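Predicted model, so just to flag it, every value in this text is computed and none were measured. Every chain is numbered from 1 and lettered A, B, ... according to where its sequence line falls, protein lines coming before strand lines.
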Amino acid sequence: MILGTDQLSKVYRGRGGRPPVHALSGVSIALEAGSTLGIVGESGCGKSTLARLLAGLESPTAGSISLAGATLDSHTSPPSRERARLIQLVFQDPHSSLNPRLTVEQAIGEVLRVHALVERRRVHDRVAELLEMVALPERFVTRHPHELSGGQAQRVAIARALAAQPQILVLDEPTSALDVSVRAEIMNLLVRLQDELQLGYVFISHDLAMVRHISDEIVVMYLGKIVEQGPYQRVLDAPLHPYTRALAAAVPVADPDLAGQPPARLPAAQAAASTGAAEAGCQYEPRCPLAEAICRQSEPVLRCLDGSHAAACHVAAGPARLTGTRGG
Amino acid sequence: MSSGSPVLSIGALEVGVRRRRGSQAIVRGVSLSVAAGEKVGIVGESGSGKSLTMLAVLGLLPPGLDILAGRVEFAGEDLTKAAPVRLRQIRGAGVAMVYQDPMRSLNPLLRVGYQIVEALRAHGYDARDARRRTTEVLGMVGLADVERVSGSFPHELSGGMLQRAMIAMALAASPKLLIADEPTTALDVTIQQQILELVASLQAQTGMAVVWVSHDLGVVAQLVDRVAVMYAGRIVELATTRRIFQRPSHPYTAALLGSLPRPGTQHRGTLQQIGGRPPDPASAEQGCPFRPRCKYATERCAAEPVLSVRGAEQQAACWLEPGSWST
């Protein structure tokens with residue numbers, strides 16, 4: 001395990017008399033070198049908060065993060081430079097994550113300089129090498145972000161992350177702002193880089209098809225908590241939690257045979273409830289078509305139900321398994 | 001497919017920059033008709049001209065861009081020749097539009113309900129009827145707490161609720177045609193699913209026609225009867241949804257479909273890339289616009305192909321013989 005979290009929580013203080021927001025509650029994940037952990041969920045589920053905590057942009061309220069076996073002192077702020085180097089973030093919109101006033105060489109060179117990774121006279125060569133890794137020609141060194149297409153800018157953002165020689169990339173919706181035909185290029189690039197460099201990826205996206213394509217393990221989050229976790233096929237093909245099923249069913253499939261006859265879809269869910277103080281029962285209960293009395297009384301905990309496939313659901317854990325109540 | 005006279009008929013539409021000598025077209029020769037009650041999808045990547053085409057329909061082109069040639073008929077009336085006053089009447093009451101970002105389409109300083117009332121007043125409703133209709137349409141789009149939504153400012157509502165409110169506003173004056181430009185792109189998949197189901201059910205209830213502009217083939221596959229695929233300002237393929245997905249007859253359509261991980265795609269396997277970039281929409285390059293990126297291009301492609309019939313309910317702008325290439 002190169003990256004792990006133990007019962008990670010983040011609470012934002014409520015302003016103006018409002019209750020505190022539990023953005024993340026008791027999240028434990030584990031990432032192996034060279035593998036991808038996919039994180040899915042709706043906006044407000046805490047996936048971006050998790051990314052920010054992992055990257056050290058914010059410190060957790062409770063719980064801990066360990067990197068390469070060593071527990072990080074999460075309360076130092078800013079985080080140590082070494083940690084900042086080892087875990088790099090790639091954001092959704094490269095045009096807003098790259099400084100518009102810096103050329104590609106300056107933007108990437110800055111990282112090399114801050115972490116003192118190469119001698120000054122070697123910066124240009126190293127930048128060219130990094131560009132080659134992301135399949136961009138050397139002549140791009142003098143370009144500014146506005147001279148790049150979305151796909152090219154995202155390649156530069158990835159090259160900039162790689163410049164730090166990280167062990168882990170936290171990819172927060174890395175293809176969502178790109179055109180369909182460009183997404184494939186970035187995905188192919190990410191898979192190749194992972195194989196070459198044995199990088200660990202935390203791949204955050206609402207695009208389940210992309211998450212499925214690249215992930216080994218998938219974590220499904222709902223209102224700051226993990227509701228399901230396991231190998232990618234298990235989570236997406238045989239989901240245990242009704243929320244995962246609703247999420248998977250909501251993905252439009254570019255296939256008219258499947259799209260023509262809408263899948264046995266769960267009833268339209270209402271907008272996610274507020275992330276206020278946790279109530280007694282299951283957080284998903286108000287939206288859940290399978291909720292039973294127990295779901296209003298006690299909150300289900302994440303339990304391994306089938307090998308390494310875990311879910312936090314009373315119904316899935318109970319005798320009447322979801323698969324048994326499917327049909328209709 | 002519905003029959004009868006089209007509610008919208010676009011003929012050889014050219015949109016671009018008007019110059020004294022040699023105007024520059026960005027949308028080139030787009031022809032498309034939408035029958036009453038029909039759902040049509042327009043798919044394309046950014047810069048393909050899909051949004052400009054729809055803005056031209058409504059007479060809402062940004063400054064500097066004009067309709068250079070062609071016609072846009074709404075219920076038999078040529079909108080390119082309509083006076084601004086007449087266009088204002090048609091917008092909303094005849095054709096309504098919903099945009100990608102509801103936060104930017106609503107006035108942040110006015111309450112949501114007031115903005116719908118105001119729109120209805122502009123279409124001749126008196127204050128009381130406008131308020132009644134506002135409550136009615138907010139209920140139609142499945143907003144549970146109509147009073148609260150109506151009295152809220154845009155920033156107080158979630159993205160999904162706002163997009164519902166925008167759809168309510170669009171429906172308020174009972175348009176015959178709803179144009180939706182990527183209305184779910186900024187939303188979560190579960191909310192997107194709800195909006196798609198909502199539009200499908202409202203369409204069935206009201207019988208309005210829907211033009212759904214999107215870059216997402218999956219969304220389009222789910223909602224529409226026919227799909228127009230745009231590339232470099234042109235429609236390169238036009239067919240029923242089923243045909244487009246089962247047997248694309250333009251290499252660009254096939255490449256787009258191939259670039260998505262679909263059921264059956266190998267896990268972590270290489271996704272099909274198109275390579276290269278779309279041409280500058282204003283480029284004067286001759287020939288098929290997809291030629292530089294096309295795996296199957298031949299000498300013949302130096303001349304631009306026009307949209308031609310490829311079998312029942314399918315047209316493509318490509319010189320290749322159907323079936324002479326495969327993906």
Side-chain angles (χ1 to χ4, degrees), chain A residues 36 40-45 149-152 176-192 194-195 206-216 232-233 237 243 246-260 262 265-266 268-272 274 287, chain B residues 43-48 142 144 157-161 184-194 196-198 200 214-223 240-246 252 255-263 265-278 293:
Chain A
T36 301
V40 298
E42 294 166 285
S43 41
C45 74
S149 71
Q152 290 165 349
S176 303
L178 304 174
D179 263 322
V180 181
S181 66
V182 182
R183 286 180 194 176
E185 290 174 24
I186 297 295
M187 290 303 282
N188 292 343
L189 174 69
L190 288 173
V191 169
R192 176 170 65 75
Q194 184 168 45
D195 291 344
H206 67 272
D207 186 337
L208 286 190
M210 290 300 182
V211 172
R212 181 198 176 88
H213 184 70
I214 198 167
S215 301
D216 300 292
Y232 77 95
Q233 306 104 314
D237 296 343
Y243 176 64
L247 209 57
V251 177
V253 184
D255 185 331
D257 283 332
L258 298 175
R265 198 169 288 134
L266 294 167
Q270 290 302 310
S274 77
R287 297 171 78 180
Chain B
V43 172
E45 297 183 87
S46 42
S48 62
L157 301 177
S158 70
M161 287 165 94
T184 60
T185 304
L187 303 176
D188 276 319
V189 283
T190 49
I191 310 294
Q192 165 171 286
Q193 186 59 40
Q194 292 173 29
L196 286 171
E197 280 168 9
L198 172 69
S214 180
H215 69 275
D216 189 327
L217 291 153
V219 167
V220 161
Q222 196 176 329
L223 186 77
T240 58
T241 308
R242 185 164 288 269
R243 298 286 291 193
I244 283 266
F245 287 96
Q246 284 180 344
Y252 175 64
L256 267 188
L257 285 168
S259 71
L260 298 169
R262 297 210 285 173
T265 307
Q266 193 203 342
H267 186 240
R268 297 173 64 85
T270 307
L271 299 172
Q272 194 182 318
Q273 297 181 194
I274 300 184
R277 292 171 64 183
R293 304 171 77 187

Side chain / backbone / both / neither for Glu45(B) at chain A, heavy atoms under 4.5 Å: both

Parallel, tilted or perpendicular: rings of His213(A) and His267(B) (30°, 60°): perpendicular

Any Arg277(B) side-chain heavy atom under 4.5 Å of Gln152(A) side chain: yes

Top contributor to chain B contacts, counting heavy-atom pairs under 4.5 Å, from Gly150(A), Ser215(A), Gly41(A), Ser176(A): Ser215(A)

Winner by heavy-atom pair count (cut-off under 4.5 Å) against chain B, out of Gln194(A), Arg192(A), His206(A): Gln194(A)

Under 4.5 Å from any heavy atom of chain A - which part of Thr265(B): side chain

Side chain to side chain, Pro261(B) and Met187(A), heavy atoms closer than 4.5 Å: no

Considering all heavy atoms, the nearest Gln193(B)-Ala250(A) contact: OE1-O, 3.1 Å

Atom of Gly275(B), atom of Glu185(A) and distance for their closest heavy-atom approach: N-OE2, 4.1 Å

Best-contacting candidate, His215(B), Gln192(B), Gln273(B), Gln266(B), against chain A by heavy atom pairs under 4.5 angstrom: Gln273(B)

Closest heavy-atom pair and its distance - Thr190(B), Leu247(A): CG2-CD1, 3.7 Å

Inter-residue atom distance Arg183(A).CZ - Leu271(B).CG, 0.5 Å rounding: 12.0 Å

For the student: nearest non-hydrogen atoms of Arg268(B) and Ile214(A), plus distance: NH1-O, 3.2 Å

Side chains of Ser43(A) and Asp188(B), donor plus acceptor under 3.5 Å: yes

Nearest heavy-atom neighbours spanning Ser181(A) and Ser259(B): CA-OG, 4.1 Å

